[in-house]
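To keep things clear, I will list the structure first and then write my remarks on it.
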2 protein chains.
Amino acid sequence: MARKTGSHSEVTGPLVRQAAQRLIAQHGYAAVSMRQIAAEVGLQAGALYLYTPDKQTLLLQLMKDHLEDLLRVWSEKPLTGDPTRDLEVFCRFHIQSNLERADAVFIAYMELRNLTPENFEVIEVLRRKYEAELRNILEDGVNSGCFTVPDTKLAALAIIAMLNGVNTWYREGGRLSRDAVAAIYWDMVRRSVGAGNGNE
Amino acid sequence: MARKTGSHSEVTGPLVRQAAQRLIAQHGYAAVSMRQIAAEVGLQAGALYLYTPDKQTLLLQLMKDHLEDLLRVWSEKPLTGDPTRDLEVFCRFHIQSNLERADAVFIAYMELRNLTPENFEVIEVLRRKYEAELRNILEDGVNSGCFTVPDTKLAALAIIAMLNGVNTWYREGGRLSRDAVAAIYWDMVRRSVGAGNGNE
DNA sequence: GTCTATAAGGTGATAGAC
DNA sequence: GTCTATCACCTTATAGAC
């Protein structure tokens with residue numbers, strides 16, 4: 001992308017983060033240089049440091065923004081209080097939002113080891129918060145007798161791992177639509193926790 | 001590790017691959033230098049090129065060796081012909097072998113994007129072969145009426161993703177033994193494909 | 001707000017001594 | 001079988017011009 005003469009802080013900053021997100025998702029944090037990111041935006045490498053103090057902070061910001069956005073959007077979802085229905089809402093939301101922001105999701109899972117210990121802790125707290133949202137639904141289901149789950153912590157981890165898997169193979173325009181995929185995965189999740197089919 | 005005077009090709013080669021596996025699993029292929037790998041074995045960087053033509057081939061060999069070993073060990077497992085029992089064998093085998101070689105598994109999933117297109121294809125063929133093993137069990141189960149699965153390809157991917165998740169959180173000496181974890185995951189998998197509990 | 005130039009050091013890979 | 005020295009190049013980050 002060629003540099004536009006009218007570039008200013010407010011527009012260039014987001015462009016830098018978008019370019020970094022795309023490149024890091026494709027090649028990995030360690031494999032992408034500040035020069036490559038700058039070139040993608042149409043800048044020289046030195047100019048990037050107007051928008052981030054260093055490369056590490058740029059990575060942290062991508063992951064932090066993603067997870068905070070995920071938590072915010074989820075928190076706005078209206079829940080029904082019926083564990084089975086809420087679990088379905090969670091599964092469909094997770095698959096849908098993962099597919100919508102595949103690059104950010106990929107980075108959040110793949111680049112954890114490239115964070116400094118302090119930054120890792122920041123991200124871990126957010127990740128655990130999201131996991132707890134699912135675990136709460138599972139706890140509700142177990143307490144009300146809707147679900148049969150021996151360990152809600154493990155079940156939450158297992159379900160999220162299973163749903164995350166979609167991103168590794170799903171391609172737009174393939175054999176199945178997003179909704180068809182979500183329906184199949186929801187069915188597997190539903191049965192894995194011993195829930196009825198919701199039509200009883 | 002200090003260099004031993006008696007080092008020869010036959011012992012140093014494996015040591016180089018072990019060091020590379022450990023370091024790449026921890027920091028990532030792009031982040032690890034040939035100098036670091038050499039230092040871990042007690043060599044100078046130049047000496048590594050007696051054991052690999054280049055860094056890329058070293059990565060390929062780690063991934064290829066791992067997948068070929070996985071397929072070989074699996075192929076030696078005796079199957080019963082009862083889909084439910086065979087699915088249980090697969091689940092327990094997968095969790096067990098993933099935990100036994102966590103570094104190799106991690107690399108095989110995380111470093112795919114650092115392979116050249118040709119090498120990627122080599123690894124993809126092996127990965128799909130392993131997936132097909134699970135899919136065959138699912139097909140058998142659907143055909144014999146043991147399982148209720150709308151799409152065996154998706155189910156195979158979903159199950160493997162779920163089982164792979166164990167490696168991201170399991171730590172030796174934690175709350176649950178390997179067998180306890182495997183039992184809980186097997187129970188979730190079993191129900192997700194609509195199989196009975198095997199005591200009927 | 002962006003550029004050019006530069007510092008200080010790391011990179012994969014090879015040549016030739018021993 | 002391994003080392004030292006080296007090539008050509010890339011890296012992050014900063015300083016100062018414009």
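In what follows, every chain begins at residue 1, and chains take the letters A, B, ... in the order their sequences are listed.
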(request) Would you mind checking if A/Arg92 and A/Glu88 are paired as a salt bridge, meaning a charged N to carboxylate O distance below 4.0 Å? (result) yes
(message) Of the listed nucleotides (D/dG1, D/dT14, C/dA13), which one gets closest to any side-chain atom of A/Tyr49?
(response)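 Per side-chain heavy atoms of A/Tyr49, the pick is D/dT14.
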Contacts under 3.5 Å, N or O only, protein and nucleotides 4-11 of chain D:
unit_1: D/dT11; atom_1: OP1; unit_2: A/Ser33; atom_2: OG; d: 3.2

(request) Report the residues that fulfil side-chain hydrogen bond (donor to acceptor under 3.5 Å, both in side chains) with B/Arg128, sequence neighbours left out, ordered by chain and then residue number. (result)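 With sequence neighbours excluded, B/Arg128 shows a side-chain hydrogen bond (donor to acceptor under 3.5 Å, both in side chains) to B/Glu121, B/Glu124, given in chain and number order.
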(message) Under the rule for side-chain hydrogen bond (donor to acceptor under 3.5 Å, both in side chains), what residues qualify as partners of B/Glu100, not counting sequence neighbours?
(response)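 B/Glu100: side-chain hydrogen bond (donor to acceptor under 3.5 Å, both in side chains) contacts with B/Gln96.
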Spacing between [X] atom [atom1] and [N] atom [atom2], to the nearest angstrom:
X       : N      : atom1 : atom2 : result
B/Leu48 : C/dT14 : CG    : C1'   : 13 Å
A/Leu15 : C/dG1  : CG    : P     : 14 Å
B/Tyr51 : C/dA13 : OH    : P     : 17 Å
B/Leu43 : C/dA13 : CG    : P     : 16 Å
B/Tyr29 : C/dT11 : OH    : P     : 13 Å
B/Leu59 : C/dA13 : CG    : P     : 12 Å

(request) Please name all residues satisfying ring pair (Phe, Tyr, Trp, His ring centres under 6.0 Å) with B/Tyr170, sequence neighbours left out, ordered by chain then number. (result) none
Please tabulate, one pair per line, all N/O donor-acceptor pairs under 3.5 Å involving side-chain atoms of residues 15-32 of chain B, not counting sequence neighbours.
unit_1: B/Arg22; atom_1: NE; unit_2: B/Glu40; atom_2: OE2; d: 3.0
unit_1: B/Arg22; atom_1: NH2; unit_2: B/Glu40; atom_2: OE2; d: 2.8
unit_1: B/Tyr29; atom_1: OH; unit_2: B/Gln56; atom_2: N; d: 3.2

(message) Please determine whether a side-chain nitrogen or oxygen atom of B/Thr12 lies at a distance below 4.0 Å from atom OP1 or OP2 of D/dT2.
(response) yes
(request) Keeping to residues at least two apart or across chains, list the salt bridge (Lys or Arg N to Asp or Glu O under 4.0 Å) pairs with something in residues 50-66 of chain B. (result) B/Lys64-B/Glu68
